[in-house]
Amino acid sequence: MADQLPPLSLYIHTPWCVRKCPYCDFNSHEPDASELPEAAYLAALLSDLDSDLSLASGRTIQTIFIGGGTPSLMSPGFYRQLFDGIRQRLPFSSTIEITLEANPGTTEQQRFIGYREAGINRLSLGVQSFRPEQLSALGRIHSGQEALTAVGEARAAGFDNINIDLMHGLPQQTPEQAMEDIEQALALHPEHLSWYQLTLEPNTAFFSHPPALPEEEALWDIQEAGHQRLEQAGLIRYEISAYARPGLQSRHNLNYWRFGDYLGIGAGAHGKLTHVSQQGEWQIERRWKTRQPDAYLRRANDPRGFIAGKQLIESPELPLEFAMNALRLTEGVALNDWYAHTGQPPALLLKRLQSAHEKGLLMEMPEKLRASPQGLLFLNELLALISEE
């Protein structure tokens, strides 16, 4: 059974943060007390995993990603005990990638050393900008200098695989300021850079009270200049907003984009699992957990468990579901993989995408579906063409 299924990853959500950023639409909450309920949350996470164990179907965990919120608010001891508990339940790959998201304002060298000793081997630092006026506008709790210090301390603690999260299109940001942020990030020699444009998402403070953002022309200038500079520096774009040195792409995120499976534990965590029918067809189930931290902790002793909802993706929806992930990758997707994941004959897909070729949204590649640079910029238009009947 396991050899018929995609690779399996594990996502762990920690929902607390020091302060909710005005652009953030993630499941993050400021804690009610001065101390986080680490012991209770640890027990709940392992209980949550216990309820999902059968979904692993005998597979080994290839990657773990700990997101938030601000996962670096939790102590190294918390993660050491958590990984010990997970290993007792599921096998880890000998080359497992374990990523922790960290806020430069909540870390120091001893903490980084503890995370490394616990088994975390990849850091994702939420820098966003190095400029004080931009950090203030974004509601970040760290300074540019603290971001520089955090990278240095992480290196000293032994981390040799670091991602820097950087945003552009920030309130009143000029193209010159955006490029200065990129240059500062490159000076830190990151193995990976996530570089993405600020968007105003529903249910955020910025959506309710929009800040003054750069004009469309300035955004295009930033996008083009930034892309060229990052690739000139040896960071290769492999996904719409992700750049990495050769061989150092985020394996966890690649599993997402390649339509792999992942268990999700923690408040508000999402999971995606593949089931094989008796006829050998793949069926996709998405499931999500209780969002509010207090409610999630109470579910540890609730016979209903942690599940807040689940959805079976029907066959007609599979092409769009698969394309939304696979076409984010600059490498594209083999047509054989398309058929395996969607059940849709490649000939039907190619006929449907004739207009996408004509509009320059797809690369001309035999036996492969791959968005052009223009297609990556207008991915929603490309996806609409894929999903139309």
Side-chain angles (χ1 to χ4, degrees), residues 20-26 126-140 144 163-186 192-233 235-244 253 257 320 323-330 332 353 355-363 370-388:
K20 182 81 170 179
C21 296
Y23 61 86
C24 178
D25 68 336
F26 296 138
V127 173
Q128 315 311 357
S129 177
F130 295 93
R131 299 181 62 86
E133 67 272 27
Q134 303 295 351
L135 290 169
S136 177
L138 293 173
R140 304 297 290 173
N163 168 63
I164 290 177
D165 263 356
L166 204 62
M167 300 175 73
H168 62 87
L170 305 180
Q172 301 182 342
Q173 185 183 51
T174 66
E176 292 76 20
Q177 291 171 342
M179 293 306 296
E180 287 174 11
D181 271 346
I182 284 182
E183 293 299 336
Q184 184 66 81
L186 290 175
H192 191 286
L193 191 73
S194 297
W195 188 61
Y196 50 94
Q197 183 179 321
L198 171 66
T199 56
L200 305 185
E201 302 293 344
N203 303 314
T204 66
F206 272 0
F207 190 83
S208 302
H209 305 284
L213 300 180
E215 297 292 334
E216 196 70 30
E217 185 175 344
L219 292 174
W220 282 109
D221 290 343
I222 290 170
Q223 183 73 34
E224 182 62 25
H227 172 68
Q228 291 183 6
R229 180 66 186 99
L230 291 171
E231 295 219 322
Q232 181 188 47
L235 288 163
I236 308 303
R237 186 187 197 187
Y238 70 96
E239 187 265 341
I240 287 179
S241 58
Y243 296 74
N253 287 343
W257 309 139
L320 180 59
M324 286 172 61
N325 291 277
L327 288 183
R328 294 181 64 95
L329 292 171
T330 59
L353 291 178
S355 60
H357 280 289
E358 294 170 357
K359 293 180 179 181
L361 300 178
L362 285 176
M363 302 286 283
R370 180 183 173 196
S372 66
Q374 185 81 349
L376 290 172
L377 290 173
F378 295 98
L379 187 60
N380 285 340
E381 181 178 350
L382 178 55
L383 293 173
L385 292 170
I386 288 174
S387 60
E388 69 182 14

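All of these numbers come straight from a predicted model, not from anything done at the bench.
- Using bins of under 30°, 30° to 60° and over 60° for the plane-to-plane angle, the ring pair W220/F378 lands in the tilted bin.
- In plain terms, the two heavy atoms of W195 and H227 that are nearest each other are CZ3-N, 3.9 Å.
- Of the candidates P214, S129, P211, L170 forms a side-chain contact (heavy atoms from CB on, under 4.5 Å) with just one, namely S129.
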Under the criterion side chain to side chain contact (heavy atoms under 4.5 Å, CB included), I'd like the reasoning laid out for R328 against L379: C-alpha separation, chi angles, the key distance, then a yes or no. CA-CA 8 Å; R328 294 181 64 95; L379 187 60; 4.0 Å; yes

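- Looking at R131, its side chain never comes within 3.5 Å of a backbone N or O of A178 through a donor-acceptor pair.
- Annotation: side chain of Q128 is in contact with side chain of D165 (closest heavy-atom distance under 4.5 Å).
- In this structure Q197 satisfies the side-chain hydrogen bond (donor to acceptor under 3.5 Å, both in side chains) test with no other residue, sequence neighbours excluded.
- Counting heavy atoms from C-beta on, the side chains of N203 and S208 never come closer than 4.5 Å.
- Legend: residues meeting side-chain hydrogen bond (donor to acceptor under 3.5 Å, both in side chains) with T199, ordered by chain and number and at least two apart, are E201.
- When each of I164, V127, L166 is tested with D181 by the rule side-chain contact (heavy atoms from CB on, under 4.5 Å), just one qualifies, namely L166.
- You'll find the side chain of L230 reaches within 4.5 Å of the side chain of L186, heavy atoms only.
- Put simply, the side chain of Q177 gets close to the backbone of T174: a donor and an acceptor are under 3.5 Å apart.
- Applying the 6.0 Å contact sphere to CE of M179 captures more than 12 heavy atoms from other residues, nucleotides or ligands.
- Here the straight-line distance linking atom CD of E358 with atom CG of L385 works out to 10.5 Å at 0.5 Å rounding.
- P171 approaches L198 most closely through the heavy-atom pair CD-CD2, 3.9 Å.
- The main-chain N or O of L361 is found under 3.5 Å from a side-chain atom of S372 such that the two form a donor-acceptor pair.
- Remark: F130 pairs with no residue by the ring pair (Phe, Tyr, Trp, His ring centres under 6.0 Å) rule, at least two apart or across chains.
- Within the structure, salt bridge (charged side-chain N to carboxylate O under 4.0 Å, His left out) contacts touching residues 374-387 (residues at least two apart or in different chains) are K359-E381.
- Side-chain contact between T204 and Y23 is absent, with no heavy atoms from C-beta onward closer than 4.5 Å.
- Sorted by first and then second residue, the salt bridge (charged side-chain N to carboxylate O under 4.0 Å, His left out) pairs with a member in residues 217-232 read E183-R229; sequence neighbours excluded.
- A distance-only check finds a donor-acceptor pair linking the side chain of Q173 to the backbone of G169 [under 3.5 Å].
- Each of L376, T330, L329 was checked for a side-chain contact (heavy atoms from CB on, under 4.5 Å) with E239, and the lone residue meeting it is L329.
- Separating the CG atom in L138 from the SG atom in C24 is a distance of 11.5 Å, to the nearest 0.5 Å.
- In terms of the side-chain hydrogen bond (donor to acceptor under 3.5 Å, both in side chains) criterion, Q172 has no residue partners (sequence neighbours excluded).
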